Amino acid sequence: MTRITISQAAQHLGKPVEIAGWLYNLRSSGKICFPQIRDGSGIMQCVAVKAQLPEAVFDALKKLTQESSVIVRGKIRAEQRAPGGFEMDVEDAEVVQRVDEEKPYPVSLKEHGPDFLLDHRHLWIRSRKQHAVLHVRHEVIKAVRDYFDSNGFTLCDTPIFTPAACEGTTTVFEVDYFEDEKVYLTQSGQLYNEATAAAFGKVYTFGPAFRAEKSKTRRHLTEFWMVEPEMAYATLDDVKRVAEEMICFVVGRVLANRRAELAVLEREVTKLEAVKGPFPHISYDDAVKTLQKKGSNIQWGGDLGGTDETLLSENYDRPVMVDRYPAQIKAFYFQPDPVRPELALGVDVLAPEGYGEIIGGGQRIHDLALLEQRLEEHKLPREAFEWYLDLRRFGSVPHAGFGMGIERCVTWLCGIDHLRETIPFPRMLYRTRP
RNA sequence: UCCUCAGUAGCUCAACGGUAGAGCAUUCGGCUGUUAACCGAAGGGUUGUAGGUUCGAAUCCUACCUGAGGAGCCA
């Protein structure tokens, strides 16, 4: 008997096969019942007819409880009435573990509230929608890696324990490191990326980042995943080009390989099909003017708020790049604009449909004296940055890079309204379980 | 940290000062093509916690706890 996954059903029509999975749903009508089995690759509707089965097998199936693990054997045929288009005529079944009806599976197919679902996240991820979102996440991550791997970037992972906050300003999680030493969970691999870029030319790091800000919004997690490329001999324009190419590549992959998941999510595919280069570019100056015309009370020199990002992205059907922000609202390491030094050569990419910032990046300072001056202005402990300053002493070159938040990207592509559903086990303010 | 909202059956909600209810889930019964199947019946409650007002509180008031949304900050 050949064991197949449900996704392979079309290649095994008419042949005896077995499917190992869990009971997703069951409908029963006296002498016939329809167990729907999920196996992680899809959902298969089965048909069990009393007259054609041993009594024990039929009874076991008819009384099966939700999410009991079960192996079913039989032949598969095309069936229009079945969701998914295929159906198995069950000839035999083996219950691996039966969920006790006295303590039934808690996540029913009916509606639930967010608190309940998040408390049961370890089970919630079995449901169709969550399953689809996490499949899209997998596709996004794979596409991102494929893009960099096939464009001359070397994966150089950066440390998670760091001796100091990368950017000084934001709050970091402090960890006891053996006796008498404190380390911090990384907020970004960027500073280390600059070192590996000088070693390998083009690099990227892909890993978790931690932010201890008490942010309480649908766009924040305390632990999230970020891909950060960095390029030596590169400028702001290179960052913009690579970011655009990468986004188009990722969106294309999701459209090519995850149509079924997007359908489960009821995502408007045309909105994603519109994501093609070139992306619109707008300067921070113009962004502020546009926003003021639209009624925002943003002033020049202030950062774009969440509503500002939404207002701005409403103007476009694809991601928009906003560049040259005031240096004062950007991190210390941004290279100033040569014509207007009060501006930083940084760029943010805002996703369409109000999904906000998914990418932030820019060109880094390569001049030693200027970097030393910035460290002082930001009152950063110079000792901790000596190694970083070395990068400007030994073969410094113009270099640039960016970071993309994986969960924000997945949230946008899936068209869902909360970041927490795009990671298997979200870590948020006040929620660290399960 | 601040602002707003919400906690009633396992779940989703109703009852808004006068006997705590429905759908789903569970159990029992019915049904040979169900699509979050349907039909009949049963069990299931210290209304988040602690005080207060009242003849009477799920309902009004106060504090606290828990959660959600938003602000600031960011990916």
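Chain identifiers are assigned alphabetically (A, B, ...) following the order of the sequence lines, protein sequences preceding nucleic acid strands; residue numbering begins at 1 within each chain. Not measured: the values here are computed from a predicted model.
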field: Residue closer to the 5' end of RNA chain B, A/L117 versus A/V47 (nearest nucleotide)
entry: A/L117
task: For nucleotides B/A15 and B/A22, find the distance between their C1' atoms and express it as a whole number of Å.
output: 11 Å
- prompt: Within less than 4.0 Å of OP1 or OP2 of B/A68, is there a side-chain N or O belonging to A/R431?
  reply: yes
field: Side-chain touch A/Y388/A/L375, heavy atoms, less than 4.5 angstrom
entry: no
message: Check whether A/R253 reaches the backbone of A/D146 with its side chain - one donor and one acceptor, N or O, closer than 3.5 Å.
response: no
- prompt: What is the nucleic acid contact for A/I406, judged by heavy atoms within less than 4.0 Å: base, sugar-phosphate only, or nothing?
  reply: nothing
- request: Might you confirm whether atom NZ of A/K294 has over 12 heavy atoms from other residues, nucleotides or ligands at distances under 6.0 Å?
  value: yes
task: With heavy atoms under 4.0 Å as the rule, sort A/K50 into base, sugar-phosphate or nothing.
output: nothing
message: My understanding is that a pair needs two contacts under 3.5 Å, Watson-Crick or G-U wobble. By that rule, which nucleotide pairs with B/C38?
response: B/G30
message: Between B/U1 and B/A50, how many Å separate the two C1' atoms, rounded to a whole number?
response: 26 Å
message: Pairing check on B/G45: which nucleotide meets the Watson-Crick or G-U wobble criteria with it, both distances under 3.5 Å?
response: none
message: The criterion is side-chain hydrogen bond (donor to acceptor under 3.5 Å, both in side chains); which residues satisfy it with A/T217, sequence neighbours excluded?
response: A/H220
message: I want to check something: taking the side chain as every heavy atom from C-beta on, are A/I4 and A/E18 in contact at a cut-off of under 4.5 Å?
response: no
- prompt: How many Å lie between CG on A/D119 and P on B/G10, as a whole number?
  reply: 15 Å
query: Within a radius of less than 6.0 Å around CZ of A/F200, do more than 12 heavy atoms belonging to other residues, nucleotides or ligands occur?
result: no
- request: Kindly say if A/H112 contacts the phosphate of B/G10, meaning a side-chain N or O under 4.0 Å from OP1 or OP2.
  value: no
- prompt: Within the distance-only criterion (no hydrogens, no angle test), does the side chain of A/S68 pair as donor or acceptor with the backbone N or O of A/V99 below 3.5 angstrom?
  reply: yes
- request: With P as the reference atom in both, quote the distance from B/G33 to B/G70 in angstrom, rounded to an integer.
  value: 48 Å
query: In the structure shown, which nucleotide is the Watson-Crick or G-U wobble counterpart of B/C24, with both distances under 3.5 Å?
result: B/G10
A/E245 and A/Y147: side chain donor to acceptor below 3.5 Å: yes
- request: Please work out if A/E87 contacts a base, only the sugar-phosphate, or nothing of the nucleic acid, heavy-atom cut-off 4.0 Å.
  value: base
message: Please give the distance between the C1' atoms of B/U66 and B/G30 as a whole number of Å.
response: 44 Å
- prompt: Along nucleotides 23-30 of chain B, 5' to 3', which nucleotides get a B, which get an S, and which get a -, given that the test is a protein heavy-atom distance under 4.0 Å?
  reply: -SSSS---
query: Reckon A/R420 has a side-chain N or O less than 4.0 Å from the OP1 or OP2 of B/G69?
result: yes
field: Strand partner of B/C5, provided both Watson-Crick or wobble distances fall under 3.5 Å
entry: B/G67
- prompt: Taking OP1 and OP2 of B/A71, is either one under 4.0 Å from a side-chain nitrogen or oxygen of A/R218?
  reply: no
message: Counting only side-chain nitrogens and oxygens, does A/K214 get under 4.0 Å of the OP1 or OP2 atom of B/C73?
response: no
- prompt: Going by ring centres under 5.5 Å and near-parallel planes (under 30°), is A/F224 stacked on B/A75?
  reply: yes
query: According to the Watson-Crick and G-U wobble definitions, with both distances under 3.5 Å, which nucleotide is paired to B/U62?
result: B/A50
statement: Of A/K62 and A/L109, the one whose nearest nucleotide on RNA chain B sits closer to the 5' end is A/K62
task: Could you tell me whether A/Q36 contacts a base, only the sugar-phosphate backbone, or nothing, with contacts defined as non-hydrogen atoms closer than 4.0 Å?
output: nothing
- prompt: Which part of the nucleic acid, if any, lies within reach of A/G113 when heavy atoms closer than 4.0 Å are counted: base, sugar-phosphate only, or nothing?
  reply: sugar-phosphate
